[in-house]
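Per chain, numbering begins at 1; letters A, B, ... match sequence-line order. Bear in mind the structure is a predicted one, so any value in this text is a computation, not a measurement.
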2 protein chains.
Amino acid sequence: MSERDPKTGPAPRAPRAVDVAAAADVSIATVSRVFNNPEKVAPAIRERVLATAKAMGWMPHAAGSALARRRTSIVGAVIPTLDNEVFAAQVGAMQKAFAERGITLLLSCFNYDQDQAVHDVQAMLARGVEALAIVGEAHRPDLFAGIQARHIPYVVTYSHRPDSPHPCIGFDNRQAFHSIASHLLDLGHETIGVIIQPTAGNDRVAARLDGVRAALAERGLGIRPQHLCEGEWSIDFGRQSVRAMLATDPPPTAVICGNDYLALGALLEARAMGLTVPQGLSITGFDDIAISRQLDPPLTTMHVDNHEIGRRAADYLLACMEGSRPAAMPPLVPTLIRRGTTAAPHT
Amino acid sequence: MSERDPKTGPAPRAPRAVDVAAAADVSIATVSRVFNNPEKVAPAIRERVLATAKAMGWMPHAAGSALARRRTSIVGAVIPTLDNEVFAAQVGAMQKAFAERGITLLLSCFNYDQDQAVHDVQAMLARGVEALAIVGEAHRPDLFAGIQARHIPYVVTYSHRPDSPHPCIGFDNRQAFHSIASHLLDLGHETIGVIIQPTAGNDRVAARLDGVRAALAERGLGIRPQHLCEGEWSIDFGRQSVRAMLATDPPPTAVICGNDYLALGALLEARAMGLTVPQGLSITGFDDIAISRQLDPPLTTMHVDNHEIGRRAADYLLACMEGSRPAAMPPLVPTLIRRGTTAAPHT
DNA sequence: ACCATTGATGTAAGCGCTTACATAGATCGC
DNA sequence: GCGATCTATGTAAGCGCTTACATCAATGGT
């Protein structure tokens with residue numbers, strides 16, 4: 001007399017271990033063992049239980065087992081946004097590495113909002129994540145304090161400062177942009193512009209700008225205020241920034257861009273204004289996205305292996321979870337790809 | 001006499017509700033109520049409990065509460081890969097929409113492998129997801145059977161067939177490419193090439209190809225085998241495909257590409273071969289990624305709002321979870337953006 | 001033949017939380 | 001002022017699972 005479709009039976013509720021146990025005529029403990037320590041169960045019984053479970057569509061429910069086992073097999077990834085392929089690649093690689101070990105990835109995007117990041121981490125801790133990967137280290141101190149209080153392994157990704165208090169997997173953003181600037185300086189440029197993402201609350205970007213400044217300072221140079229454009233990264237921002245800079249006097253002979261999209265915009269606009277690149281203006285990018293090598297001229301940029309960062313971060317965390325205390329990993333070194341958008345200034 | 005740092009105390013174990021209850025001198029039920037039905041607790045006590053919990057760094061542990069409440073507040077997203085910005089955008093939008101309602105997103109990438117997808121869905125069901133979003137409907141039947149057996153709401157995204165048995169949020173891939181082909185036919189093209197992603201196990205792509213074929217057939221035309229290139233999407237595949245096609249006799253006067261990256265490659269190669277676009281060759285893309293409008297000439301393509309797909313999928317699932325049975329949503333309609341890469345064939 | 005092992009299975013005590021129900025003051029109408 | 005009614009809090013029974021420990025049968029050494 002159920003109100004449900006009689007064909008589906010009166011109890012649409014999910015089967016539990018005890019149901020499988022009854023159906024297979026064993027105890028609930030045996031059912032559990034079949035799934036967790038199969039070698040402790042006689043083959044005949046094991047097969048019977050497996051068959052029954054399959055027939056009933058039963059699998060151990062994670063919440064129950066997490067509670068009993070005191071392990072959730074969940075780890076969290078906290079990134080700014082998936083709209084940036086750089087982070088998407090990292091997460092994709094982590095997800096893959098974890099999935100291979102039966103670990104589930106919880107994802108959260110804080111949209112460059114520090115309060116949101118703290119909130120997200122709290123939520124993940126409440127969910128019992130066993131480890132955490134977090135992009136960047138420019139976070140509110142209570143974010144890290146909360147993690148440390150739980151004695152949970154964590155790693156900061158996409159950045160690597162030599163003297164960071166956190167375990168980190170990434171590269172030295174300052175060093176990377178120091179290299180880019182040096183490349184340009186070595187070519188003979190002295191008036192260099194910078195188009196870069198917002199530095200507020202973003203340690204990676206701030207470090208990049210700092211790297212450029214340091215390289216220039218070493219040769220007694222600096223960035224003129226009118227040659228520094230900071231804003232949301234987009235092709236359009238790259239375009240408008242270059243347009244503005246070239247209207248100054250003297251105009252820069254080279255511009256360093258915070259990523260390839262900005263550089264792409266800069267390149268398009270420079271050409272639209274009738275400049276030849278690199279003779280009239282040298283341009284550098286960062287990330288080495290797929291189109292960069294296809295541009296005309298192909299973009300000089302720095303290549304970062306984001307999948308590798310994700311994979312390493314996952315490996316590090318997995319090692320920690322298994323109890324080892326892995327040595328600090330050396331930073332990745334992004335490589336400068338000299339293509340067609342940099343040359344000596346036309347004098 | 002603990003072996004641990006005496007400052008951290010002998011019990012580094014996470015506090016539980018009962019500890020908070022004891023410290024605040026109330027019962028464990030009251031602690032729970034403070035977090036779940038705060039209005040049922042006297043303000044003075046509520047504040048005391050809140051303060052104690054905060055001081056002890058306690059939050060209700062999700063596994064325990066999921067068990068007791070029989071709700072996990074988790075939903076799963078199953079996508080092919082995060083390396084495609086199209087899916088990354090969808091996931092990002094879903095994550096945002098869910099986070100706003102206190103729901104956590106579990107992510108899994110099946111890498112276009114049907115067995116992997118089934119496995120991932122199983123794992124998610126075991127984790128007690130309350131709803132599931134899955135890209136595409138070309139999956140093993142037991143994937144959907146497994147979900148339906150659990151009476152869990154789900155939605156297929158990125159595709160929308162009028163006669164699909166599944167609730168779906170997306171657009172009609174067949175229809176979309178029918179439109180593209182018609183656009184070209186209307187311009188007078190009769191020899192049309194196609195460069196497309198692998199169709200095997202990918203219903204969306206297969207539908208696209210089908211749409212092109214149908215549009216051509218309506219005018220008594222077809223795709224010549226030598227004018228159909230199917231392979232992993234990349235700029236390079238676009239380039240090599242165009243090169244191969246243009247070596248045939250007669251060469252196509254237009255090529256339809258499965259996405260903007262392929263189209264970008266096609267455009268670059270056509271120009272490298274000395275053809276002018278669109279006079280010598282018309283090219284269409286799909287997705288309308290950021291660079292497309294910046295190309296020279298700007299790419300004619302179709303714009304799809306992937307964030308919108310993600311948002312709608314999340315809204316639909318949330319509605320289901322709250323018990324309503326939302327009406328089937330109308331498909332999104334991608335819009336054809338006629339820019340500079342299509343024109344009448346040069347006769 | 002008998003006892004000590006061994007190995008397979010069952011019993012039952014939680015894991016940390018929520019919530020129906022019980023309880024006990026406080027409040028109010030008459 | 002007394003019982004009826006409410007409201008704030010506590011008690012205890014699970015949620016579905018794992019696992020230490022108990023049990024029991026079979027094995028093997030002497």
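Nearest-nucleotide mapping onto DNA chain C: of A/Ile28 and A/Val41, the residue sitting toward the 5' end is A/Val41. With the nearest nucleotide of DNA chain D identified for both A/Arg33 and A/Val18, A/Val18 has the one nearer the 5' end.
The side chain of B/Pro60 sits closest to C/dC17 out of C/dC17, D/dG10, C/dT11. Closest contact between the side chain of A/Ala68 and the listed nucleotides D/dC17, C/dT18, C/dG16 involves D/dC17.
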Next on the checklist: Checking B/Leu143 against B/Val78 for the side-chain contact (heavy atoms from CB on, under 4.5 Å) test, could you report, in this order, the C-alpha distance in whole Å, the side-chain angles of both residues, the deciding distance, and whether it holds?
Outcome noted: CA-CA 11 Å; B/Leu143 183 147; B/Val78 179; 5.9 Å; no
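By the 4.5 Å heavy-atom criterion applied to side chains, A/Arg48 and A/Val26 are counted as neighbours.
The residues A/Asp315 and A/Arg312 are annotated as not salt-bridged, no charged nitrogen and carboxylate oxygen being separated by less than 4.0 angstrom.
When heavy atoms are screened at a 4.0 angstrom cut-off, B/Ile45 is found touching the sugar-phosphate backbone but no base atom. Contacts of A/Val26 with the nucleic acid, taken as non-hydrogen atoms under 4.0 Å apart, involve only primed sugar atoms and P, OP1 or OP2. Residue contacts for B/Ala42: at a heavy-atom cut-off of 4.0 Å it reaches the sugar-phosphate backbone alone, with no base atom in range.
A sub-4.0 Å separation between OP1 or OP2 of C/dT18 and a side-chain N or O of B/Ser32 is present. The phosphate of D/dG10 (OP1 or OP2) has a side-chain N or O of B/Thr30 nearer than 4.0 angstrom. When the side-chain nitrogen and oxygen atoms of B/Ser27 are compared with OP1 and OP2 of D/dG10, one or more of them lie within a distance under 4.0 Å.
Side-chain atoms of B/Arg70 and base atoms of D/dG14 include no donor and acceptor less than 3.5 Å apart. Between the side chain of A/Arg69 and the base of D/dG16, no donor-acceptor pair under 3.5 Å is found.
Nucleotide D/dA8 holds its P atom 15 Å from the CZ atom of B/Arg48, rounded to whole Å. With rounding to whole Å, B/Asn37 atom CG is found 13 Å from D/dA8 atom C1'. Atom NE2 of A/His61 and atom C1' of D/dC15 are 9 Å apart (whole Å). Counting to the nearest Å, the P atom of D/dC17 and the CZ atom of A/Phe35 are 10 Å from each other. Per the geometry, CG belonging to B/Leu67 stands 9 Å off C1' belonging to C/dC15, to the nearest Å. Between A/Lys40 atom NZ and C/dG7 atom C1' there is a gap of 10 Å when expressed in whole angstrom units. One interatomic measurement links the two molecules: CZ of B/Arg71 to P of C/dT18, which rounds to 13 Å at whole-angstrom precision. Here the P atom of nucleotide C/dA20 and the CG atom of B/Asn36 are 12 Å apart, to the nearest Å.
Note on ring orientation: taking the six-membered ring where Trp is involved, the planes of A/Phe144 and A/Tyr154 are tilted (angle from 30° to 60°).
A/Asp113 and A/His119 share no donor-acceptor pair across their side chains, judged by distance under 3.5 Å alone.
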